[in-house]
Amino acid sequence: MKDLKDLLPVEAVRLDVRAADWRSAIAVAGRLMVETGVTTEEYTREMVANVEENGPYIVIAPGVAFAHSRPSPAVLTTGMSWVRLAEPVEFGHESNDPVTLVVALAAQDSAAHTSAMAALARLLGDPATAAALATAPTPEALHAVLAGERPESGPEAPEPPASAGPLASAGPPASAGPLASAESSATAPSSAAPEPSSFPEPSPESSPEPSAAEPRAASLHKILTVCGNGVGTSLFLKNTLEQVLDRWGWSRFVTVEATDTISAKGKASEAVALFTSREIARTLGDVGRPVKVVQDFTSTAEVDSVLRDTYDV
């Protein structure tokens, strides 16, 4: 499994690029992947078509677009590119426009780049690192930050406000509440941790049966994170959600699976909820489970709030 620095070489980084619109911005990111031998030119057209067909859900956080499409013959090897724009451009996203950073991904499958996505989600979610990436003077300096070097000056970033959750010993979480609207919006998370309580066993309708290797007392809930292709933005959201579950102490009770819109409709009955963007929520429609909208896929604070709403804590 490749690391972020392996998938994103210095040669695939361009800073202060001028782009007339979102298509031009994606074209620059796509050209870098062609030049580094990751894709053919057809993949750039596929990334543009993905936005035209599914909307600007690839704008995963304020100012950040994650351009990608599904695996195809146009992908020669798994890789990425990074384009920081000189002037922001509009992608049409309701809350995260305008975009100043376009990160592009080409994946041969859904597995080879998962650790890189986890690393990138953590980096973009850390205020000090995000600031260092936004001000890096050269591609080499930016690549050093991506490789894990912390900024040398400035105060350490505070912990995000997502608070520690209930004690793991209290047992698995209660099942999700009534069917939620796909248009639900996140509110500011409570500063207090969820109250420990007696958590009932989930019903068969709300949770899959645990495997033989799992303790019976820890029946697993599943949450699906959903994007158009199941290889890009859904992995970002999955990693942010898993960070919150770790802080709550719920990781051994709740599993998270990244998937695409078509697969999500078939898997919805296995899940307690689906987390996704507003655009993809509209595409999903009523799947018989709560569909929760997350605006900023890198924000542990917002995901904390949506998770609290899901479990009514």
Side-chain angles (χ1 to χ4, degrees), residues 2-39 41 43-44 47-48 50-51 56-69 78-93 95-107 113 116-154 157 232-233 235-236 239-240 295-299:
K2 294 183 178 180
D3 293 330
L4 180 59
K5 59 183 175 59
D6 299 321
L7 295 179
L8 184 61
V10 173
E11 294 78 14
V13 176
R14 290 289 185 276
L15 305 181
D16 304 323
V17 174
R18 295 194 176 276
D21 54 25
W22 68 264
R23 288 180 176 84
S24 298
I26 291 178
V28 174
R31 186 162 60 250
L32 286 173
M33 292 196 292
V34 172
E35 292 172 356
T36 52
V38 171
T39 68
E41 293 181 357
Y43 188 74
T44 302
M47 290 193 294
V48 171
N50 183 38
V51 178
Y57 78 93
I58 67 166
V59 186
I60 59 172
V64 180
F66 191 68
H68 64 288
S69 186
T78 299
M80 300 173 66
S81 64
W82 183 287
V83 177
R84 195 175 72 194
L85 300 174
E87 298 291 339
V89 298
E90 300 281 337
F91 273 65
H93 196 280
S95 58
N96 291 338
D97 266 348
V99 168
T100 55
L101 171 63
V102 179
V103 180
L105 167 72
H113 60 294
M117 293 300 95
L120 186 56
R122 288 191 296 270
L123 290 172
L124 293 177
D126 177 73
T129 305
L133 292 170
T135 57
T138 65
E140 291 77 13
L142 186 140
H143 198 260
V145 177
L146 291 176
E149 296 181 16
R150 300 286 300 178
E152 294 183 0
S153 60
T233 57
L235 285 173
F236 261 89
N239 289 310
T240 304
Q295 301 284 9
D296 184 348
F297 282 19
T298 67
S299 171

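Values reported hereafter were calculated over all heavy atoms of this structure, with side chains retained and with hydrogens, waters and symmetry mates removed. Keep in mind the model is a prediction, meaning the values are calculated, not measured.
Side chains of K5 and H143 form a contact here, defined as non-hydrogen atoms less than 4.5 Å apart. Residues L142 and L146 form a side-chain contact, since some pair of their non-hydrogen atoms from C-beta on lies under 4.5 Å apart. Side-chain contact between W82 and L133: present, with at least one pair of heavy atoms (C-beta onward) separated by less than 4.5 Å. Side-chain contact between V64 and T298 is absent, with no heavy-atom pair separated by less than 4.5 Å.
Here the closest non-hydrogen pair linking F91 and V89 is CE1-CG2, 3.6 Å. Scanning all heavy atoms of the two residues, the minimum distance from D97 to G92 falls at OD2-N, 2.6 Å. Here the closest heavy-atom approach between residue V99 and residue L101 is recorded as CG1-O, 3.3 Å. The shortest heavy-atom contact between L120 and M80 is CD2-CE, 3.7 Å. Closest non-hydrogen pair, V38 versus A106, comes out as CG1-CB, 3.7 Å.
I58 contributes atom CD1, which lies 8.5 Å from atom OG1 of T233 (distance to the nearest 0.5 angstrom). Atoms OG1 and CZ, from T44 and R23 in turn, are 14.0 Å apart once rounded to the nearest 0.5 Å. Rounded to the nearest 0.5 Å, atoms OG1 (T39) and CZ (R31) are 11.5 Å apart. Here the CZ atom belonging to R14 is positioned 13.5 Å from the CG atom belonging to L85, to the nearest 0.5 angstrom. The structure places CG of N96 at 6.0 Å from CG of D296, a figure rounded to the nearest 0.5 Å. We find the CE-CG distance between M33 and L7 to be 11.5 Å, quoted to the nearest 0.5 Å.
In this structure, the side chain of R84 engages the main chain of A136 through a donor-acceptor pair within 3.5 Å. Not one N or O on the side chain of S81 forms a donor-acceptor pair closer than 3.5 Å with the backbone of L32.
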Exercise. Please lay out, stage by stage, how H68 and Y43 fare under the test side-chain contact (heavy atoms from CB on, under 4.5 Å).
Key: CA-CA 9 Å; H68 64 288; Y43 188 74; 3.9 Å; yes
Quiz prompt | CA sep, side-chain torsions, deciding dist, call: L4, L123, side-chain contact (heavy atoms from CB on, under 4.5 Å) | solution = CA-CA 11 Å; L4 180 59; L123 290 172; 3.7 Å; yes
Exercise. Evaluate the side-chain contact (heavy atoms from CB on, under 4.5 Å) criterion for residues E87 and R18: first the C-alpha distance (whole Å), next the side-chain angles of each, then the deciding distance (0.1 Å), finally the verdict.
Key: CA-CA 6 Å; E87 298 291 339; R18 295 194 176 276; 3.3 Å; yes
Self-check item: Stepwise side-chain contact (heavy atoms from CB on, under 4.5 Å) test for I26 and V51
Solution: CA-CA 10 Å; I26 291 178; V51 178; 4.1 Å; yes
Practice problem: Check step by step if side chain to side chain donor-acceptor pair (under 3.5 Å) holds for T129 and D126. | Solution: CA-CA 5 Å; T129 305; D126 177 73; 2.7 Å; yes
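There is a side-chain donor-acceptor pair under 3.5 Å between N50 and Y57. Q295 and S95 share a donor-acceptor pair across their side chains, judged by distance under 3.5 Å alone.
Within 6.0 Å of atom CD in E90, more than 12 heavy atoms from other residues, nucleotides or ligands are found, so the atom counts as buried in its surroundings.
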